[in-house]
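Order of the sequence lines fixes the chain letters, A, B, ..., with proteins taken first and strands second; residue numbering starts at 1 for each chain. Side chains are part of it too, since the values below use all heavy atoms of this structure and drop only hydrogens, waters and symmetry mates.
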Amino acid sequence: MIWDWQYAFEILPRLLKVAHVTITATLGAFVVAMILGLVLAFARRSTNRLLSGVTYFVVEFIRSTPPFVQLFFLFFVMPQFGITMGALMTGILGLGIHYSTFLSEVYRAGIDSVDKGQWEAATALNFTSRQKWVHIILPQAIRPIIPVMGNYLITLFKETPMLLGITVVEMLSQAQIIGSQSFRYTEPITMVGIFFLILSYGASLLVKRIELRMDINRR
Amino acid sequence: MILIEVHLEILKNLLPGAVPTIQLTILGAMLAFVLSFMGGLGRLSRFAVVRGLAGFIVEFFRGTSLLVQLFWLFYVLPFMGIRLESGMVGLLALGLNYGAYGSEVVRSAVLSVPKGQHEAGIALNMTAFQRMRYIIIPQAFRTMIPSFGNLLIELLKGTALVSLVTIPEMTFEALVMRTSDAAHTLEIFTWLLLIYFAIAYPLTMLMRWVERRYSLGRL
């Protein structure tokens with residue numbers, strides 16, 4: 001028998017016990033990515049040529065090199081400069097930085113999609129720069145990009161297993177540990193796969209619904 | 001002071017690892033490309049069974065994380081009596097995972113071709129195959145190129161993960177080197193990131209060139 005139900009139920013609690021690590025890593029990294037992404041988007045738009053150019057290069061570099069290697073870089077190199085943080089924190093920071101480069105492009109697309117008249121209207125009404133961004137531009141820029149951001153959240157979620165490379169015990173890592181103890185890998189790894197499938201597929205249906213709904217509201 | 005020998009030593013160890021990385025990228029991309037068309041066109045099939053099956057397979061490989069699939073092929077398949085070489089495991093996981101993503105690209109590109117083109121094909125008494133081959137795909141392909149370019153970079157980044165199933169590619173070499181020479185961690189991982197970028201950047205340029213070539217003489 002390849003699949004042992006009794007064993008599967010036995011190890012299920014152990015797997016679910018670390019589900020919160022996977023979820024924390026996902027949400028934490030996404031918050032980092034959202035904030036840093038906005039900073040990068042602004043830096044890229046800056047009228048200062050140097051700042052904008054450097055940001056462009058940094059974004060291109062980070063997004064075309066493996067996040068897995070970036071995690072190792074942070075994990076091994078930061079302590080050499082006297083910065084120590086837990087593996088999970090490093091993971092959140094690393095994945096957050098990687099995805100911030102993608103989100104910065106998404107923000108940029110959102111900002112560029114705001115009609116020119118809105119900018120002019122804000123200027124005509126004598127809004128300060130801060131008021132213009134907070135009350136006019138960003139609310140209109142962020143709305144259409146919500147589904148895209150949802151998709152990145154799902155992608156990020158599916159990237160979290162790589163944190164096992166830097167010793168974070170998340171679900172896949174736990175499955176590997178359970179497997180190595182009993183030498184039965186089939187059940188734990190398959191169950192982790194199903195866990196990811198259920199959550200990411202469910203979330204993708206949700207994103208699709210949001211997308212449809214926003215379209216209806218628009219027109 | 002920068003010791004040139006240290007850097008040369010690092011490069012001497014890392015660069016041979018770039019060969020499997022590039023091999024995995026190219027072969028993985030070829031496999032993913034073929035699977036993209038099979039999955040994408042399968043989902044648009046006239047036959048409900050084919051549509052359903054293709055949809056299920058695509059959602060399955062998109063929804064369960066790449067690393068989980070990699071581990072599954074590596075740890076679970078041997079229990080079922082299927083023993084694959086680790087390089088094969090890596091190639092298969094990359095091809096299946098990115099093939100699933102690619103099939104969504106193919107599907108949406110085919111759907112983006114205006115309906116009138118289909119109808120014109122029917123009016124000209126073309127068979128379904130002829131319509132696809134001579135009318136739809138050539139137009140859809142142009143839309144696919146930028147997304148395929150992004151996926152190619154994602155695939156390259158994904159190859160770093162296969163180091164976890166003991167494939168001696170670049171990241172694996174770096175990790176091995178670090179265990180014996182922890183003092184130069186910063187240099188090792190900086191070079192590693194730079195080499196990845198040196199592979200990714202020409203790929204990006206190449207895909208942009210292909211994109212330009214295919215849009216020659218079109219609006």
Side-chain angles (χ1 to χ4, degrees), chain A residues 2-3 22 57 60-81 98 102 154-155 157-165 170-173 175-176 179-180 183-205, chain B residues 21 59-81 97 101 104 150 152-164 169-171 174-175 178 182-204:
Chain A
I2 293 171
W3 184 271
T22 297
F57 181 75
E60 281 296 307
F61 188 84
I62 294 177
R63 61 186 276 170
S64 46
T65 50
F68 191 53
V69 177
Q70 291 162 6
L71 286 176
F72 281 125
F73 189 89
L74 290 178
F75 189 63
F76 292 134
V77 174
M78 277 196 316
Q80 291 193 339
F81 291 94
H98 189 80
F102 287 91
I154 298 169
T155 310
F157 169 61
K158 287 181 289 191
E159 297 273 51
T160 55
M162 73 168 70
L163 295 185
L164 67 83
E170 43 67 66
M171 291 192 79
L172 187 60
S173 164
Q176 201 186 14
S180 67
F183 211 65
R184 286 201 65 104
Y185 286 98
T186 312
E187 291 84 357
I189 296 183
T190 308
M191 277 153 66
V192 172
I194 293 170
F195 171 83
F196 273 93
L197 184 63
I198 291 172
L199 279 190
S200 65
Y201 187 64
S204 77
L205 291 183
Chain B
T21 296
E59 290 302 340
F60 180 83
F61 283 105
R62 256 159 45 105
T64 55
S65 155
L66 170 63
L67 196 53
V68 178
Q69 288 158 24
L70 199 63
F71 273 35
W72 201 88
L73 292 176
F74 187 70
Y75 287 108
V76 180
L77 271 196
F79 279 103
M80 302 182 167
N97 191 262
Y101 282 105
E104 283 303 283
N150 289 339
L152 186 60
I153 302 299
E154 290 299 315
L155 196 145
L156 168 68
K157 294 192 302 189
T159 61
L161 291 176
V162 305
S163 60
L164 286 170
E169 46 69 73
M170 220 160 38
T171 305
L175 289 169
R178 199 201 80 91
H184 293 112
T185 304
L186 173 66
E187 290 85 349
I188 294 169
F189 282 93
T190 305
W191 274 117
L192 182 60
L193 285 171
L194 286 173
I195 300 172
Y196 271 113
F197 187 67
I199 300 171
Y201 196 68
L203 279 183
T204 313

Checklist line | Derivation and outcome, side chain to side chain contact (heavy atoms under 4.5 Å, CB included), residues Leu67(B) and Leu164(A) | finding: CA-CA 10 Å; Leu67(B) 196 53; Leu164(A) 67 83; 4.2 Å; yes
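- Listed options Thr190(B), Leu66(B), Thr204(B) were ranked by heavy-atom pairs under 4.5 angstrom with chain A; first place goes to Thr190(B).
- Minimum interatomic distance between Ala182(B) and Gln80(A) (heavy atoms only, all atoms of both residues): O-NE2, 3.4 Å.
- In terms of heavy-atom pairs under 4.5 angstrom with chain B, the leader among Leu172(A), Thr186(A), Val77(A), Thr160(A) is Leu172(A).
- Proximity to chain A is absent for every atom of Ala198(B), based on heavy atoms less than 4.5 angstrom apart.
- Rounding to the nearest 0.5 Å places OG of Ser200(A) at 8.5 Å from CZ of Arg62(B).
- Going from atom OG1 of Thr64(B) over to atom CD1 of Ile189(A) covers 12.0 Å, rounded to the nearest 0.5 Å.
- Residues Phe197(B) and Glu60(A) share a closest heavy-atom pair of CE1-O, 3.8 Å.
- The six-membered or imidazole ring of Phe73(A) lies away from that of Phe189(B), with a centre-to-centre distance of 6.0 Å or more.
- Side chains of Tyr75(B) and Gln176(A): a donor-acceptor N/O pair is present below 3.5 angstrom, by distance only.
- Only the side chain of Glu154(B) comes within contact range of chain A, with at least one heavy atom under 4.5 Å from a heavy atom of that chain.
- Of the two parts of Phe76(A), the backbone and the side chain both hold a non-hydrogen atom closer than 4.5 Å to a non-hydrogen atom of chain B.
- Minimum interatomic distance between Val69(A) and Ala160(B) (heavy atoms only, all atoms of both residues): CG2-CB, 4.1 Å.
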Next item on the list: Step by step, work out the side chain to side chain contact (heavy atoms under 4.5 Å, CB included) result for Phe157(A) and Ser65(B).
Entry: CA-CA 8 Å; Phe157(A) 169 61; Ser65(B) 155; over 6 Å; no
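- Every residue meeting the salt bridge (Lys or Arg N to Asp or Glu O under 4.0 Å) condition with Glu187(A), not counting sequence neighbours, appears here in chain and number order: Arg184(A).
- Listed options Gln70(A), Met171(A), His98(A), Glu159(A) were ranked by heavy-atom pairs under 4.5 angstrom with chain B; first place goes to His98(A).
- Between chain A and the options Leu203(B), Leu77(B), Ile153(B), Leu161(B), heavy-atom pairs under 4.5 Å are most frequent for Leu161(B).
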Note to self: Walk me through whether Trp72(B) and Val192(A) qualify under side chain to side chain contact (heavy atoms under 4.5 Å, CB included).
What the structure shows: CA-CA 10 Å; Trp72(B) 201 88; Val192(A) 172; over 6 Å; no
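- At most 12 heavy atoms of other shown residues, nucleotides or ligands fall within 6.0 angstrom of atom CZ in Phe60(B).
- Taking all atoms of both residues into account, the shortest heavy-atom contact from Lys157(B) to Pro67(A) is CD-CD, 4.0 Å.
- For CZ of Phe61(A), the number of neighbouring non-hydrogen atoms (other residues, nucleotides, ligands) closer than 6.0 Å is greater than 12.
- Taking the six-membered ring for Trp and the full ring otherwise, the centers of Phe183(A) and Phe79(B) sit less than 6.0 Å from each other.
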